[in-house]
Amino acid sequence: MNEDVDQSKRQFLTSALTVVGAVGTGFLAVPFLAQMQPSVKAMAAGAPVEVDISKIEPGQLIRVNWRGKPVWILSRTSQVLDTLKTLDGKLRDPGSNESLQPDYAKNPSRSIKPEIFVAIGLCTHLGCSPTFRPEIAPHDLGESWRGGFFCPCHGSWFDLAGRVFQSVPAPTNLEIPPYRYVNDNLIIIGESDGEITA
């Protein structure tokens with residue numbers, strides 16, 4: 001048996017095999033890592049949504065979909081804004097200290113511009129979608145109702161700033177999504193200060 005081994009050939013073959021193995025591992029890893037990325041459909045579902053608010057009449061509510069959730073955009077009248085100021089004593093969190101909203105919506109109207117209200121239309125109790133009830137003192141909600149959102153699932157009341165009333169199941173005010181104005185007629189839901197939210 002010949003014990004003379006050519007070390008240079010052995011080192012070359014070991015190095016070549018290492019390189020081929022690394023390249024092969026890279027080729028196997030690329031499709032594996034690519035499948036972990038969200039699909040185009042999933043990325044589109046989370047994409048910001050542009051909404052033209054130029055045709056919304058005072059008192060009108062429109063609905064759009066963002067990230068699979070209903071988002072409400074309400075054009076509030078001066079009468080509604082005046083009514084909001086009178087409800088603080090009946091609300092669980094009138095200052096929105098325990099609620100989810102961007103810092104720019106932590107104010108009495110819970111909005112960037114008082115006349116335009118933007119909120120995620122899901123009750124903070126169990127995620128039902130409340131109904132828009134703008135009428136004052138309807139027979140089924142009583143004399144104290146001044147317009148707002150009523151969740152028929154478990155009876156939670158929210159005013160027209162999405163603030164929850166006391167003694168109802170919902171624990172917090174309606175969530176305000178990140179949004180920004182492009183101009184007076186166009187808002188983008190899902191972006192704040194020009195940045196897409198995570």
Side-chain angles (χ1 to χ4, degrees), residues 48-49 51 53 56-181 184 187-193 197-198:
V49 176
V51 183
I53 59 171
I56 301 177
E57 298 291 328
Q60 182 183 6
L61 175 82
I62 64 168
R63 295 165 181 86
V64 296
N65 192 27
W66 174 68
R67 292 189 175 178
K69 298 176 185 176
V71 175
W72 298 332
I73 302 165
L74 172 65
S75 175
R76 295 184 288 205
T77 63
S78 58
Q79 179 184 358
V80 166
L81 294 173
D82 290 342
T83 300
L84 292 177
K85 299 172 190 174
T86 68
L87 298 174
D88 285 4
K90 299 176 182 181
L91 304 172
R92 179 173 288 160
D93 183 19
S96 298
N97 296 316
E98 301 169 8
S99 303
L100 291 174
Q101 72 266 321
D103 287 341
Y104 52 78
K106 190 175 180 180
N107 54 49
S109 64
R110 299 190 74 219
S111 59
I112 296 172
K113 295 182 179 182
E115 65 276 8
I116 299 293
F117 176 60
V118 179
I120 293 178
L122 295 174
C123 181
T124 56
H125 179 228
L126 292 177
C128 298
S129 188
T131 56
F132 177 48
R133 299 289 304 270
E135 67 274 15
I136 294 177
H139 69 279
D140 61 331
L141 294 175
E143 292 292 319
S144 62
W145 183 259
R146 294 291 170 246
F149 304 99
F150 172 71
C151 185
C153 295
H154 300 98
S156 292
W157 289 16
F158 301 89
D159 71 0
L160 290 171
R163 300 177 299 176
V164 68
F165 281 76
Q166 297 173 6
S167 304
V168 299
T172 59
N173 297 338
L174 294 177
E175 183 179 346
I176 307 296
Y179 69 98
R180 69 179 178 92
Y181 282 83
D184 287 341
I187 62 173
I188 297 182
I189 299 167
E191 285 186 6
S192 179
D193 299 325
T197 62

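Numbers here simply count residues along the sequence, with the first being 1. All values reported here derive from a predicted model rather than from experimental measurement.
Counting only heavy atoms from C-beta outward, the side chains of I120 and W66 approach each other to under 4.5 Å. Side-chain atoms of V118 and P177, non-hydrogen and from C-beta on, do get closer than 4.5 Å to each other. Contact check for I73 versus Q60: no side-chain heavy atoms found under the 4.5 Å cut-off. By the 4.5 Å heavy-atom criterion applied to side chains, T172 and L100 are not counted as neighbours. Between Q79 and I136 the shortest side-chain heavy-atom distance falls below 4.5 Å. Between I116 and Y181, some side-chain heavy-atom pair lies under the 4.5 Å cut-off. Contact of the L84 side chain with the R163 side chain is registered, since non-hydrogen atoms from C-beta on lie closer than 4.5 Å. Taking 4.5 Å as the limit, every side-chain heavy atom of H125 sits out of range of all side-chain heavy atoms of V164.
Across all non-hydrogen atoms, the minimal contact from P152 to S129 is CD-O, 4.3 Å. In terms of heavy-atom proximity, P169 sits nearest to S156 at CD-OG, 3.4 Å. Heavy atoms only, all atoms of each residue included: T77 and P58 are closest at CG2-CB, 3.8 Å. L122 approaches G127 most closely through the heavy-atom pair CD2-O, 3.4 Å. When all heavy atoms of D93 and S99 are compared, the closest pair comes out as OD2-OG, 3.2 Å. Counting all heavy atoms, side chain and backbone alike, T83 lies closest to T86 at O-OG1, 2.7 Å.
Rounding to the nearest 0.5 Å gives a distance of 9.0 Å between CG of D159 and CG of L174. Remark: L160 CG to L81 CG distance equals 9.5 Å, nearest 0.5 Å. To the nearest 0.5 angstrom, W157 atom CH2 is 5.5 Å from L141 atom CG. Here Q166 contributes atom CD and R92 contributes atom CZ; the two are 7.5 Å apart, rounded to the nearest 0.5 Å. Between the CG atom of N107 and the CD atom of Q101 there is a distance of 8.5 Å, given to the nearest 0.5 Å. From S111, atom OG reaches atom CZ of R76 across 4.5 Å, with rounding to the nearest 0.5 Å.
Checked by atom type and distance alone, the side chain of Y104 never pairs as donor or acceptor with a backbone atom of S192 at under 3.5 Å.
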* Output, in order, the C-alpha distance, side-chain angles, deciding distance and verdict of side-chain contact (heavy atoms from CB on, under 4.5 Å) for I176 and F117. => CA-CA 9 Å; I176 307 296; F117 176 60; 3.6 Å; yes
* Asked: How far apart are the C-alpha atoms of L74 and F132, what are their side-chain angles, what is the distance that settles it, and do they pass the side-chain contact (heavy atoms from CB on, under 4.5 Å) test?
  -> CA-CA 10 Å; L74 172 65; F132 177 48; 3.6 Å; yes
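Applying the side-chain hydrogen bond (donor to acceptor under 3.5 Å, both in side chains) test to S96 and every residue at least two apart in sequence or in another chain returns R110, N173.
The stretch residues 119-137 participates, sequence neighbours left out, in these salt bridge (charged side-chain N to carboxylate O under 4.0 Å, His left out) pairs: R133-E135, R133-D140.
Between W72 and F149, the two ring planes are parallel [angle under 30°; tilted spans 30° to 60°].
Between F165 and F158, the ring center distance fails the sub-6.0 Å criterion.
By the neighbour-count criterion of 12 heavy atoms within 6.0 Å, atom CG of D103 is sparsely surrounded, having that number or fewer from other residues, nucleotides or ligands.
Distance check for C153 and C128: the SG atoms are under the 2.5 Å cut-off.
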